[in-house]
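Notes follow the structure.
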Amino acid sequence: EAMLEDIRRERRRRRRGEEKEGDAAKTEVTEGTEGEEKNKYQKKKERLKALFDDDYDGNEDEAKHFADLQLEADAQTRLNNEFFADEAYRERYEGYRPGQYVRVTLTEMPCELIECFDPHFPLIVGGVASLEGQMGLLQTRTKRHRWYPKILKNQDPIVVSLGWRRFQTRPVYSIQDHNMRQRMLKYTPEHMHCHATFYGPLAPPNTTFIATQGATDKKTSSFRIVATGVVLGLDKTIDVVKKLKLTGTPYKIFKNTAFLKGMFTSVLEVSKFEGAMIKTVSGIRGQVKRALAAPAGAFRASFEDKVRMSDIVFLRCWVSVEIPKFYTPVINLLNVDKIWSGMRTVGELRRAKGESIPVNKDSLYKEIERKAKLFKPLRVSKSLQKTLPFKTKPKVDNKRKKALYMTTRAVVSEPGEKRLTSLMQQLLTAQKDSDSKKWEKKKKDNAKFLAEKAVIEGKRGEKAKERRKTFYQKNAKRDHMDD
């Protein structure tokens with residue numbers, strides 16, 4: 001390469017010297033014929049073309065070098081083909097080439113795979129990492145597929161396709177609150193992601209998966225993929241909690257202290273909740289203090305105000321939910337008809353047995369009937385009324401046992417008064433009749449005006465429609481001519 005670089009450098013030096021000589025000769029020639037000028041330019045072009053060819057076409061030394069390299073590569077190829085003529089040597093040093101048929105020996109396989117083997121059903125052979133061979137709890141972020149018509153119920157079995165495995169499991173759905181608490185959900189949200197925790201073979205984070213309701217159910221008429229998700233982590237300390245409301249009633253009340261029963265069943269349970277906040281239905285707050293010897297589960301509690309025997313005291317707390325360790329691999333290849341049915345959901349079991357959904361009467365909504373409370377009238381003693389100022393004394397008239405004379409007396413009209421009363425009634429009747437006639441005439445005039453206005457608006461709309469039609473026709477012709 002150094003020799004080739006020297007040769008190129010020498011050529012460039014000679015080219016620059018020849019160009020300088022040509023420029024000097026050009027300045028010296030001031031007169032000449034037209035034919036001499038043409039010959040001179042022709043010779044210059046030929047000289048430049050020769051220099052260009054020398055740079056890019058190469059010389060004999062370079063061509064010989066490339067030819068030697070090609071001969072050496074061909075000789076090495078022939079030697080490799082002769083040495084690897086036997087495929088055993090090639091497989092030993094190079095390995096199996098793509099597209100080559102191989103024989104794989106599988107040990108400790110179930111006998112059903114051989115008995116039910118179908119050569120038309122393809123098998124995919126793969127391997128798993130050492131981590132994926134262990135079992136544990138997986139925390140995933142999942143979302144119900146928007147094409148699946150139903151929402152998913154908590155702990156209903158689903159078939160998960162994760163990595164190389166397909167297995168059935170029972171996930172527990174939860175959502176993360178602002179304080180990082182995993183709160184259990186009865187059903188998956190409509191259009192939101194939620195967390196799903198289930199038991200199965202471990203997979204590295206960010207591994208995606210899909211879930212179906214069944215593995216080989218051919219009778220499914222709707223979309224089969226129920227959810228999609230991704231693995232978040234392999235934390236063994238996953239704690240999913242749900243709300244728990246405990247209720248109790250007081251059986252002995254002191255000033256701001258009360259003895260309660262019915263909330264717990266043993267002294268051990270009370271000791272676990274010492275210091276917990278409790279509250280009555282009426283809003284009086286309190287705290288669990290100490291367990292009592294008898295009855296079982298009774299305890300002493302203090303409140304911010306005196307409670308009543310009719311109050312119901314409740315305790316709001318969170319209890320951990322156990323993740324069911326259910327794992328069943330899909331083994332449809334071990335069946336003759338290639339159909340596998342795993343655990344069924346509660347809804348499928350009820351449909352198969354023809355049972356209806358049990359109804360708890362206490363959980364039904366009831367119409368709330370509140371009786372109007374009657375308050376006793378305010379009674380102020382006479383001795384107290386005497387000491388009160390006049391503006392605060394009750395101004396209530398005593399009920400009269402007999403009606404007054406003015407309310408029970410009979411009115412006897414004079415003949416002149418009767419005539420005046422009859423005249424006034426006649427005038428009022430005539431006035432009412434005149435007003436009703438005016439109102440009827442006004443309604444008719446208004447209806448006639450609205451009818452005329454509707455006719456005018458209809459004609460105006462037809463004219464506007466014709467104008468729009470003409471305008472669009474002209475614009476369409478103009479656009480067509482422009483195209």
Side-chain angles (χ1 to χ4, degrees), residues 131-146 148 150-163 165-213 225-247 263-264 268-279 287-288 314-328 342-343 345-347 363:
L131 173 67
E132 299 179 9
Q134 304 175 12
M135 304 292 292
L137 296 178
L138 284 86
Q139 187 176 15
T140 62
R141 184 177 65 245
T142 183
K143 182 182 180 183
R144 180 188 68 89
H145 200 282
R146 59 180 179 177
Y148 191 68
K150 303 176 183 178
I151 58 176
L152 305 181
K153 188 179 178 181
N154 189 41
Q155 295 193 16
D156 262 4
I158 59 173
V159 176
V160 178
S161 177
L162 178 64
R165 291 187 175 92
R166 281 192 308 162
F167 57 92
Q168 191 177 40
T169 185
R170 295 173 60 195
V172 174
Y173 302 109
S174 61
I175 192 168
Q176 190 172 12
D177 291 339
H178 63 280
N179 56 357
M180 309 302 291
R181 177 174 52 208
Q182 292 290 340
R183 177 167 49 87
M184 192 194 75
L185 300 175
K186 286 187 176 181
Y187 301 95
T188 55
E190 283 282 349
H191 308 289
M192 284 177 56
H193 286 86
C194 67
H195 289 179
T197 307
F198 54 85
Y199 181 78
L202 301 181
N206 296 328
T207 303
T208 57
F209 69 91
I210 62 172
T212 57
Q213 198 71 55
I225 298 177
V226 300
T228 58
V230 61
V231 177
L232 295 180
L234 310 175
D235 191 4
K236 295 184 179 179
T237 60
I238 300 172
D239 190 16
V240 181
V241 296
K242 67 176 181 180
K243 282 183 179 180
L244 181 63
K245 184 183 286 187
L246 304 175
T247 59
M263 186 175 294
F264 305 107
L268 181 62
E269 289 185 1
V270 177
S271 62
K272 289 183 178 180
F273 287 92
E274 284 185 1
M277 301 300 296
I278 55 179
K279 191 176 182 180
Q287 188 178 19
V288 178
F314 58 89
L315 168 66
R316 289 177 178 175
C317 59
W318 298 91
V319 62
S320 298
V321 179
E322 184 180 0
I323 309 298
K325 292 186 177 182
F326 174 75
Y327 167 78
T328 303
M343 178 186 288
T345 62
V346 178
S363 300

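Numbering starts at 1 and runs along the sequence shown.
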Item to check | Heavy-atom closest pair, residues Ser174 and Val240 | outcome: CB-CG1, 3.9 Å

Checklist entry - Closest heavy-atom contact between Asn154 and Pro171? => result OD1-O, 3.6 Å

Item to check | salt bridge (Lys or Arg N to Asp or Glu O under 4.0 Å) partners of residues 186-206, not counting sequence neighbours, each pair once | outcome: Arg144-Glu190

Checklist entry - Does the side chain of Leu152 come within less than 4.5 Å of Thr142's, by heavy atoms? => result no

Item to check | Validation row: Arg316, Lys243 side chains within 4.5 angstrom (heavy atoms) | outcome: no

Item to check | More than 12 heavy atoms of other groups within 6.0 Å of Asn206 CG | outcome: no

Next on the checklist: Taking Ile210's backbone N and O only, do any of them form a donor-acceptor pair with Ser161's side chain (distance below 3.5 Å, no angle check)?
Outcome noted: no

Next on the checklist: Looking at every non-hydrogen atom in both residues, tell me the closest pair between Thr197 and Ile323 and how far apart they are.
Outcome noted: O-CG2, 4.0 Å

Checklist entry - Can you tell me if Arg181 uses its side chain to pair, donor with acceptor, with the backbone of Trp318 under 3.5 Å? => result no

Checklist entry - Is there side-chain contact between Ile238 and His195, with heavy atoms separated by less than 4.5 Å? => result no

Item to check | Heavy-atom check, side chain of Thr140 versus side chain of Val231, under 4.5 Å | outcome: yes

Checklist entry - Does a side-chain heavy-atom distance below 4.5 Å link Pro201 with Leu162? => result no

Checklist entry - Do the ring planes of Phe198 and Phe209 sit parallel (below 30°), tilted (30 to 60°) or perpendicular (above 60°)? => result perpendicular

Checklist entry - Which atoms form the tightest heavy-atom contact between His193 and Pro189, and what is the distance? => result O-CG, 4.5 Å

Item to check | Side-chain donor/acceptor of Ser320 to backbone N/O of Val241, under 3.5 Å | outcome: no

Next on the checklist: Minimum heavy-atom separation for Phe167 and Tyr199, please, with both atom names.
Outcome noted: CE1-O, 4.2 Å

Checklist entry - With a 4.5 Å heavy-atom cut-off, do Gln213 and Thr345 have their side chains touching? => result yes

Checklist entry - What heavy-atom pair brings Tyr173 and Ile158 nearest, and what distance separates the two atoms? => result OH-CD1, 4.2 Å

Item to check | Side-chain touch Pro324/Val172, heavy atoms, less than 4.5 angstrom | outcome: yes

Checklist entry - With sequence neighbours excluded, what pairs up with Tyr148 under the ring pair (Phe, Tyr, Trp, His ring centres under 6.0 Å) test? => result none

Next on the checklist: A side-chain contact here means heavy atoms from C-beta on lying under 4.5 Å apart; do Thr247 and Phe314 qualify?
Outcome noted: yes

